[in-house]
Participant: 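Just passing along the structure, written as structure tokens.
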2 protein chains.
Amino acid sequence: MHLDSKNHARLTCEVESTIKVIGGRWKVLIIRELMTVKRFGELLRALPGITQKMLTQQLRELEDDGIVRRQVYPQIPPKVEYELTPLGETLKPLLYAMHEWGVKYLQQKNQ
Amino acid sequence: MHLDSKNHARLTCEVESTIKVIGGRWKVLIIRELMTVKRFGELLRALPGITQKMLTQQLRELEDDGIVRRQVYPQIPPKVEYELTPLGETLKPLLYAMHEWGVKYLQQKNQ
DNA sequence: CGGTATCCTTCACGATACTG
DNA sequence: CAGTATCGTGAAGGATACCG
């Protein structure tokens with residue numbers, strides 16, 4: 001990829017799009033949990049500190065962005081499962097890259 | 001890298017650290033601008049919509065996180081230059097990866 | 001030029017209660 | 001179980017004025 005001035009605007013735009021999708025406070029945590037399919041209540045317990053309201057909201061946003069799929073089983077009591085879409089799966093390498101950089105960052109910071 | 005349950009906690013923590021550093025509203029835009037050294041006023045003009053207050057604030061945070069270096073030239077009128085630190089430079093591959101994913105995401109969304 | 005300081009508004013988020 | 005609805009608060013951010 002080039003970095004000349006013509007590409008700067010497009011780079012900006014698309015990097016921002018990515019940040020908007022995964023930059024929310026709980027987004028990466030939710031995506032990580034959904035590396036295996038989980039029910040709503042499981043997610044709630046797996047994310048200490050999140051409220052029901054926030055979990056619902058962030059899941060809806062991820063769903064709207066095509067990252068997460070919501071599977072409703074019409075039964076009593078209700079059962080709803082969440083999983084990554086194929087597009088959501090493509091975020092994994094990005095999360096790994098962010099993990100790698102985070103390691104380096106924390107090392108450098110703690111010196 | 002593995003993704004067994006033992007690694008999940010560490011992955012989370014460090015991915016979140018990365019998001020905290022570059023997840024701010026203007027952070028990636030500022031970092032992109034600083035791929036070449038720039039003065040305060042140049043940044044202000046390069047980022048339409050940002051306020052002086054926000055630019056100062058985000059630059060200070062990036063400085064505290066070791067991403068950006070602030071170079072003051074003690075002269076009248078004042079001259080202050082900002083540039084990426086070596087650690088800041090290491091963010092470039094991550095921005096490129098985010099760019100790539102953003103391209104894919106926007107393509108899929110516009111279909 | 002490159003900032004601070006101050007005030008003000010908005011809204012993200014938490015807490016709580018209720019429901020199919 | 002998996003939500004929605006409502007209210008309240010604090011912090012983020014904008015607008016404006018001032019300063020070394």
Side-chain angles (χ1 to χ4, degrees), chain A residues 12 16-34 36-65 67-85 88, chain B residues 12 16-34 36-65 67-85 88:
Chain A
T12 300
E16 273 220 285
S17 298
T18 304
I19 284 284
K20 275 182 187 161
V21 172
I22 65 170
R25 178 171 172 188
W26 298 96
K27 296 287 178 67
V28 292
L29 301 184
I30 292 173
I31 292 168
R32 193 222 25 176
E33 290 304 325
L34 292 182
T36 62
V37 60
K38 283 196 174 58
R39 297 182 60 172
F40 186 85
E42 290 183 287
L43 286 171
L44 207 53
R45 284 188 299 276
L47 300 167
I50 200 172
T51 59
Q52 228 176 20
K53 177 183 170 185
M54 281 310 295
L55 178 56
T56 301
Q57 181 181 311
Q58 304 271 299
L59 281 170
R60 292 291 180 277
E61 290 178 12
L62 288 170
E63 206 185 343
D64 292 343
D65 288 334
I67 307 302
V68 161
R69 179 161 180 270
R70 181 170 181 261
Q71 177 79 357
V72 182
Y73 297 89
Q75 60 187 42
I76 305 288
K79 174 179 173 181
V80 180
E81 283 183 345
Y82 293 90
E83 61 186 336
L84 294 182
T85 62
Chain B
T12 299
E16 273 219 285
S17 298
T18 304
I19 284 284
K20 276 183 187 158
V21 172
I22 65 169
R25 179 171 171 187
W26 297 96
K27 297 286 178 69
V28 292
L29 301 184
I30 292 173
I31 292 167
R32 193 224 23 176
E33 290 304 326
L34 292 183
T36 60
V37 59
K38 284 196 173 56
R39 298 181 59 171
F40 186 85
E42 289 182 287
L43 286 171
L44 206 54
R45 284 188 298 276
L47 300 167
I50 200 172
T51 60
Q52 226 177 21
K53 177 185 170 183
M54 282 310 296
L55 180 55
T56 301
Q57 182 181 310
Q58 305 271 300
L59 281 170
R60 292 292 179 277
E61 290 178 14
L62 288 171
E63 206 185 342
D64 291 344
D65 288 334
I67 307 303
V68 160
R69 179 161 181 269
R70 181 169 181 260
Q71 177 77 358
V72 182
Y73 297 89
Q75 58 187 43
I76 305 289
K79 174 179 173 181
V80 180
E81 282 183 346
Y82 292 91
E83 62 187 334
L84 294 182
T85 63

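Since the model is a prediction, treat every value here as computed from it, not as a measurement. Letters A, B, ... are given to chains in the order of the sequence lines, protein chains preceding strands, and every chain is numbered from 1.
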Participant: Using atom CZ of Arg25(B) as one end and atom P of dA12(D) as the other, report the distance to the nearest whole Å.
Facilitator: 14 Å

Participant: For Leu55(A) and dG3(D), what is the distance between atoms CG and P respectively, to the nearest whole Å?
Facilitator: 8 Å

Participant: How far does CE of Met54(B) sit from CG of Leu47(B), to the nearest 0.5 angstrom?
Facilitator: 11.0 Å

Participant: Glu63(B) has an atom CD; how far is it from atom P of dG2(C), in whole Å?
Facilitator: 15 Å

Participant: Between Arg60(A) and Ile50(B), just flag the one whose closest nucleotide in DNA chain D comes earlier from the 5' side.
Facilitator: Arg60(A)

Participant: Calculate the interatomic distance between Glu81(A) atom CD and dG3(D) atom P; express it in whole Å.
Facilitator: 12 Å

Participant: Could you tell me whether the phosphate oxygens of dG2(C), OP1 or OP2, come under 4.0 Å of any side-chain nitrogen or oxygen in Arg39(B)?
Facilitator: yes

Participant: Taking CG from Leu47(B) and C1' from dG13(D), how many angstroms apart are they, rounded to a whole number?
Facilitator: 16 Å

Participant: Give every donor-acceptor pair under 3.5 Å between a side-chain atom in residues 22-29 of chain B and any protein atom, sequence neighbours left out.
Facilitator:
from: Lys27(B); atom 1: NZ; to: Glu61(B); atom 2: OE1; distance (Å): 3.0

Participant: Thr56(B) or Arg45(B): which one's nearest nucleotide on DNA chain C is closer to the 5' end?
Facilitator: Arg45(B)

Participant: From Leu34(B) CG over to Arg69(B) CZ, what is the distance, rounded to the nearest 0.5 angstrom?
Facilitator: 13.0 Å

Participant: Of all the choices, dG3(C), dC13(C), dG14(D), which nucleotide is nearest to the side chain of Gln52(B) once you look at every atom?
Facilitator: dG3(C)

Participant: Quick one: which of dA2(D), dA15(C), dA15(D) gets closest to the side chain of Thr51(A)?
Facilitator: dA15(C)

Participant: In residues 72-80 of chain B, which ones come under 4.0 Å of DNA chain C, going by heavy atoms?
Facilitator: Pro77(B), Pro78(B), Lys79(B), Val80(B)

Participant: Go through the N and O atoms of the side chain of Lys53(B) and the base of dG3(C), and report whether any donor-acceptor pair is under 3.5 Å.
Facilitator: no

Participant: Is it the case that more than 12 heavy atoms not belonging to Lys20(B) sit under 6.0 Å from its NZ atom?
Facilitator: no

Participant: Which nucleotide in the list dG14(C), dC1(D), dG14(D) gets nearest to the side chain of Met54(A)?
Facilitator: dG14(C)

Participant: How many Å lie between CD on Gln57(A) and C1' on dA5(D), as a whole number?
Facilitator: 14 Å

Participant: Between Tyr82(B) and dG3(C), does any side-chain N or O lie under 4.0 Å from OP1 or OP2?
Facilitator: yes

Participant: With a 4.5 Å limit on heavy-atom distance, are the side chains of Val68(A) and Ile31(A) in contact?
Facilitator: no

Participant: Please give, in whole Å, the distance from dG14(C) P to Gln58(A) CD?
Facilitator: 9 Å

Participant: May I ask you to test the Leu43(A)-Leu59(A) pair for a side-chain heavy-atom distance under 4.5 Å?
Facilitator: yes

Participant: In whole angstrom, give the distance that lies between atom CD of Glu61(A) and atom P of dC13(C).
Facilitator: 9 Å

Participant: Taking the side chain of Arg70(A) as its heavy atoms from C-beta onward, which of dA2(D), dG13(D), dT4(C) lies nearest to it?
Facilitator: dA2(D)

Participant: When rounded to the nearest 0.5 angstrom, what distance separates OH in Tyr82(A) from CD in Glu63(A)?
Facilitator: 6.5 Å

